[in-house]
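To keep things clear, I will list the structure first and then write my remarks on it.
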Amino acid sequence: MSLGGPIIRIQGLKNQFGDQVIHEDLDLEVQAGEILGVVGGSGTGKSVLLRTITGLNKPRAGRIEVFDHDLAQVTPDERIALEQRWGVLFQDGALFSSLTVAQNIEVPMKEHLDMPTHLRDEIAALKISMVGLPPEAGSKYPSELSGGMRKRAGLARSLALDPDLIFLDEPTAGLDPVGAANFDQLVKQLQKNLGLTVFMVTHDLDSLHAICDRIAVLAEKRVLVVGPMADMLRHGHPWLREYFHGPRARAAQPNLDEVIE
Amino acid sequence: MADGWLKLAGIENGGMLLQAGGSWDARNVTRLDGELRGLLPDFSEPLTFDLAQVKRLDTAGAWLLYRTLKDLRERGLQADYAGVTVEHAAMLETVAANDQPCEIEPPQSSSFIAILDHLGGGVLDVLEEAKQQVAFLGLILTTLAGTFRHPSRLRLVPLVYHMEKVGLNALPIVGLISFLIGVVLAYQGATQLQRFGAEIFVVNLIAVSVLREIAILLTAIVVAGRSGSAFTAEIGSMVVNEEVDAMRTLGLNPIEVLVLPRVLALVITLPLLAFFADMCGLFGGMLMCWGALEISPGLYLERLQGAVSPWSFWVGMIKAPVFAFLIAMVGCLEGLRVTRSAESVGQQTTRSVVTGIFLVIVVDAMFSIFFAAVGV
């Protein structure tokens, strides 16, 4: 799928829990075919934003359009159709613990598609291989897998229906640096091969450098800036300077200052 | 978006030409798979798939094409794609690179072996649990002995807190249940005894059964369901959260901090609850006798004194601290046996209630034999 038109359009979003306002007047557009990284300090509502777009959290105000459908206006049937066009990877995979990895991947296929068993099994095996899991992983239960493997399995499940858009909630959190780098490459490769649009909440500066086309920074209850990495590095806002030029940022991109100069 | 379609376009250069078009995606593959399978057996000539009119191809559609081609080639036929766009070629390559079948479920052994395995596993589990219970009993007793030598190590605030939770807060439910059982006993006993003109003996029936067995047994069962499960869930979620490990690294003894206050609280309060249950049961019986059998409260109390010896009361009360200890011990042990997952908290909590009630009833039966042997 080529670049063209926003796939997600958020206008004037407001989220509030009790007295605490999380988002106020938040605008964001996600373009088709891009990898958008969403960053922000703890408590700036990155995950809340993801949950709001996917409909797990009802906003106080504002308009969210996904695939040109206003989420507040859609009928239940349209909503189900929309949900099949996106996949979500939760932080620890959120696999169903009573099912094997392959059965987990088959859940959305069973629920939404009238597929014969042999075809479902073949496609589940295909997805398992696509996310880089060994074939033995298919018949294992989530409790028998490592954290990194659970994330890969969760990614395979989110790809089960071949969605156009996937949401990743801190995909590299809790992985060792090698595992995290591999996961980044996997996301990048799948995005390229399948023409996915990726909405990724992350804290990982390496991921931002390595795979994100654009970065959206959440601060002061809204999206402060959106743009490619180079824009982030030039931006003068104190939080951005600290985030992208702090000691860990230097470690992630050793020749960072030379890049700017 | 147009539905996927497939049609036989005819013979070309000595081979068959199959045209595919529309959406070859997850939503269409079931139908397309059926159509392909219907067509394939007829093929005996070289075959070309023309994909020029395919609008959308996802992994499911690409898999279908790839697999069909693979099957044909395995049968020794020539088969190939034509009219492949760059995007579709990438998709077909991705699929080809990931042709790696896998098991969906772990292999199942034959059902007879599986039943034997299950049975054996169950027996071993019970033995293992019994062993752990004995070991835990010893651990609690040695820690308790240590606390007697250094009474300052006893944690008074948690003790009082747990006494309130397991004792005071259980009063309404324990009282209500015992009261109702008293009423039921009086009513059922009276209808039977009336046949012999011996209604007055209903007082003996109530007094002996409530004091010796029913009040304490019901109280213990309610407490096992109410507090034994709470002990497991509280300690279990602390285990999941690594709080218990944190305690150990800080030099705190979880048995002393978590287990002893709960065990002592229950051992102190369960006898009090049992006494309260005795009174409520007798009171319920008295009201029923008065209302339905015209045995006045005065007469009821007089018969009561004749019917029971102090031992009837003590037989019930002696059991209370033993039951309390069992329930609290099982509750805490199952809590500490939680592994670091949320579902294990649920499993252990169920287990704690079942084991607690089971042990209470087994020990109650042993008490009955013992008291019969010593003749009280």
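Heavy atoms only: backbone and side chains are in, while hydrogens, waters and symmetry mates are out.
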Q.
Does this structure show an ion pair linking R56(B) with D164(A), if we count only N-O contacts that are shorter than 4.0 Å?
A. yes

Q: Heavy-atom distances under 4.5 Å only: say whether S97(A) touches chain B with side chain, backbone, both or neither.
A: side chain

Q: Under 4.5 Å heavy-atom distance to chain B, tell me which part of L133(A) shows up: side chain, backbone, both or neither.
A: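 Looking at L133(A), just its backbone touches chain B.
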
Looking at [atom1] of [X] and [atom2] of [Y], how far apart are the two atoms once the value is rounded to the nearest 0.5 Å?
{"X": "H118(A)", "Y": "R67(B)", "atom1": "NE2", "atom2": "CZ", "value": "6.0 Å"}
{"X": "M115(A)", "Y": "R27(B)", "atom1": "CE", "atom2": "CZ", "value": "9.0 Å"}
{"X": "S129(A)", "Y": "Q100(B)", "atom1": "OG", "atom2": "CD", "value": "4.0 Å"}
{"X": "T59(B)", "Y": "K127(A)", "atom1": "OG1", "atom2": "NZ", "value": "3.0 Å"}
{"X": "L126(A)", "Y": "Y66(B)", "atom1": "CG", "atom2": "OH", "value": "9.5 Å"}
{"X": "I104(B)", "Y": "I128(A)", "atom1": "CD1", "atom2": "CD1", "value": "6.0 Å"}

**Q.** Max heavy-atom pair count under 4.5 Å with chain A, selected residue of E343(B), R31(B), R37(B)
**A.**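 Top count of heavy-atom pairs under 4.5 Å with chain A: R37(B).
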
(Q) Distance alone, cut at 3.5 Å: any donor-acceptor contact between the side chains of T30(B) and D114(A)? (A) no

Q. So do L194(A) and M91(B) actually touch side chain to side chain, heavy atoms under 4.5 Å?
A.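 In contact.
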
Q: Would you check if L64(B) and L119(A) make a side-chain contact, meaning some heavy-atom pair closer than 4.5 Å?
A: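 L64(B) reaches L119(A) side chain to side chain.
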
